[in-house]
Amino acid sequence: MTDHKEFVQIRHAQKSFGALEVLKDISLTVERGQIVAIIGPSGSGKSTLLRAINDLDPLTGGEVWLDGVQVNRSLPFRQYEKHINQMRQDIGMVFQHFNLFPHMTARENVTMAPKMLKGLSKDEADALAREQLDKVGMLERIDYYPSQLSGGQKQRVAIARALAMKPKLMLFDEATSALDPELVDEVNQVMKKLAEEHMTMIIVTHEMDFAASVCDRVLFMDQGVVVEEGPPEVVFKSPEKERTRAFLRKHLEGAR
Amino acid sequence: MDFDLIVRVYPFFIDAAGVTILLSALTALLGLACGALGAAARLSRFALARFVGATYVSVFRGTPALIQLFILYFGGPQIGIELDAFEAGVIGLGINAGAYMTETIRGAIISIDKGQKEAARTLGLSRWQAMYKIILPQAARLMVRPLGVNLNMLIKATALVAAISVVELTYTAQRYIGSTYKPFEMFLLAGILYMIIIYATGRAVAWLDRRVQIT
């Protein structure tokens, strides 16, 4: 592992759906161990940007680099598939709706990919499942199916599943937006713990308080552009741009 | 109602029911194979494969199974396809059932939430790995009941092969009517045996469906 200061680099990201341009020339650099929050109104392109990082929503222009390797290289189909599958092993992703595999227990959800892609033995996989589920406080539910878990518990298992691949980078796509308010905190605690371990994270969120408490940097996006970015103290407390102020005002009113 | 006659011919009908069951089983297997291929074609990333799959479905669902059987059995020799009646029955009905099963299988696969595939791909699984490890196990559970409906239809459709002289239940009933002039008894007996076969398979499908459900 080389030590690129620009651990994650997005260069001139552009994305259109037909005539609709959802990302307009966005550039972003994240250093190793940094935690960046992306905030903004719905439809601002923040999820699209996040999903472009592991090429779930391919960009129509621009580049994404992770640790010195370009993620969205232009390659023939088969070679590209091989390349992206390899890259994605290093990029954990957590979804708004968890997307746990319902036909598998928590243990199986966590061990499936490491067993299949890294050839872990049953014992190794089992130890890994215990370690990861313990980390998110779900060890006692190791043999439960997703349908037997609450939303917060599901999301914690989903985080464990992503961590089991030992990713270099974690992406969170509104990880707490689908949760009942009283379940949000247990997931936030897990994310805080990852932050303390210096996991590099990019977090799309609606939770300003959480973003302010864990992030090194905040990006405010609107209509496909980064309107403002900086440390959370600045962006949240004294934003420069009127659009940012308007968004935060509206958001804080909504929260009340 | 001539019960003596029913008791006398009953063993022959049991044999004929055996043929119907064998015919149904082979047709179902061929249908499943065609259905799996058809669904794979319809979901392919290649436009040509999708076109072939869609054409297969619309041709075989868009024409009567009886005509398909006639073309294969009576018309086949003209273009060099020589099949005996039983073979033509299995192949004709199997390909026909496959068209329906294509849609059943495809329907189950596309009904799986796309977040499942995304989660699998995000972990680094290939398209195929995501399909067989994540999508198919969930889709298979959803397929059991609708495939059971396809099976029900298929068993009843085997009666059509009487028209190409396969000696199964319906053909046997017709043959005994020729010698006994008792259509009511003969068709009734055939109908009861069909119903037993269909009831039994229906129960088997329901049992399988319960067994595969996620707890």
Side-chain angles (χ1 to χ4, degrees), chain A residues 47 50-51 53-57 77-78 80-105 108-118 143-148 154 157-158 160-167 169-173 178, chain B residues 36 39-51 104-148 205-215:
Chain A
S47 277
L50 192 76
R51 289 162 58 91
I53 294 171
N54 61 5
D55 207 48
L56 219 46
D57 277 344
F77 183 80
R78 277 173 197 286
Y80 181 71
E81 283 290 299
K82 223 173 145 183
H83 159 76
I84 197 67
N85 293 338
Q86 200 61 46
M87 293 300 298
R88 283 175 178 157
Q89 293 190 25
D90 292 335
I91 308 174
M93 188 164 205
V94 176
F95 300 88
Q96 182 177 1
H97 296 289
F98 330 126
N99 300 349
L100 283 181
F101 307 129
H103 58 302
M104 296 179 177
T105 61
E108 290 163 343
N109 265 280
V110 173
T111 58
M112 186 274 295
K115 267 167 136 172
M116 188 177 239
L117 304 173
K118 295 188 168 172
D143 287 317
Y144 282 50
Y145 282 91
S147 61
Q148 299 167 311
K154 281 182 202 171
V157 172
R161 174 177 70 179
L163 292 176
M165 288 302 285
K166 312 279 182 194
L169 166 69
M170 284 286 285
L171 308 175
F172 291 84
D173 191 4
Chain B
R42 291 217 52 186
L43 297 168
S44 169
R45 68 188 172 91
F46 297 108
L48 181 66
R50 290 198 299 276
F51 174 76
T104 302
I105 294 169
R106 172 178 165 271
I109 289 171
I110 61 175
S111 72
I112 302 299
D113 183 74
K114 78 173 183 2
Q116 292 291 309
K117 185 183 168 189
E118 286 182 354
R121 295 303 310 271
T122 298
L123 289 164
L125 270 65
S126 69
R127 295 158 62 95
W128 170 241
Q129 287 169 330
M131 182 54 92
Y132 90 85
K133 194 74 187 176
I134 303 302
I135 311 295
L136 283 181
Q138 295 180 57
R141 291 167 164 92
L142 296 178
M143 276 174 217
V144 173
R145 269 183 186 277
L147 282 176
V205 168
W207 173 83
L208 186 62
D209 184 56
R210 273 197 309 278
R211 242 192 75 123
V212 299
Q213 286 320 306
I214 299 163
T215 47

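To find a chain, count down the sequence lines: A is the first, B the second, and so on, and within it residues start at 1.
When every heavy atom of B/R45 is checked against every heavy atom of A/R78, the shortest pair comes out as NH2-NH2, 4.3 Å. Heavy atoms only, all atoms of each residue included: A/L100 and A/R161 are closest at CA-NH1, 3.5 Å. A/P167 and A/M170 get closest at one heavy-atom pair: CG-SD, 3.7 Å. When all heavy atoms are compared, the tightest approach of B/P146 to B/T104 is CB-CG2, 3.5 Å. Taking both residues in full, the closest heavy atoms of B/P137 and B/Y132 are given as CD-O, 3.3 Å, listed atom of the first, atom of the second, then distance.
For A/M93, the parts lying near chain B are the backbone and the side chain together; criterion is any non-hydrogen pair under 4.5 Å. Using a 4.5 Å cut-off between heavy atoms, A/M87 does not touch chain B at all. Of the two parts of A/I91, only the backbone, made up of N, CA, C and O, holds a non-hydrogen atom closer than 4.5 Å to a non-hydrogen atom of chain B. Of the atoms belonging to A/R51, it is side-chain heavy atoms, and not backbone ones, that fall under 4.5 Å from chain B. For a residue to count as touching a neighbouring chain, one of its non-hydrogen atoms must lie under 4.5 Å from one of that chain's; by this rule A/L171 does not touch chain B. Heavy-atom distances place both the backbone and the side chain of A/F101 under 4.5 Å from chain B. Neither the backbone nor the side chain of A/F98 comes within contact range of chain B, judged by heavy atoms closer than 4.5 Å.
Annotation: A/Y80, atom OH; neighbour count of heavy atoms from other residues, nucleotides and ligands within 6.0 Å is above 12.
Here A/H103 is the residue among A/E81, A/Q89, A/H103 with the most heavy-atom pairs under 4.5 Å with chain B.
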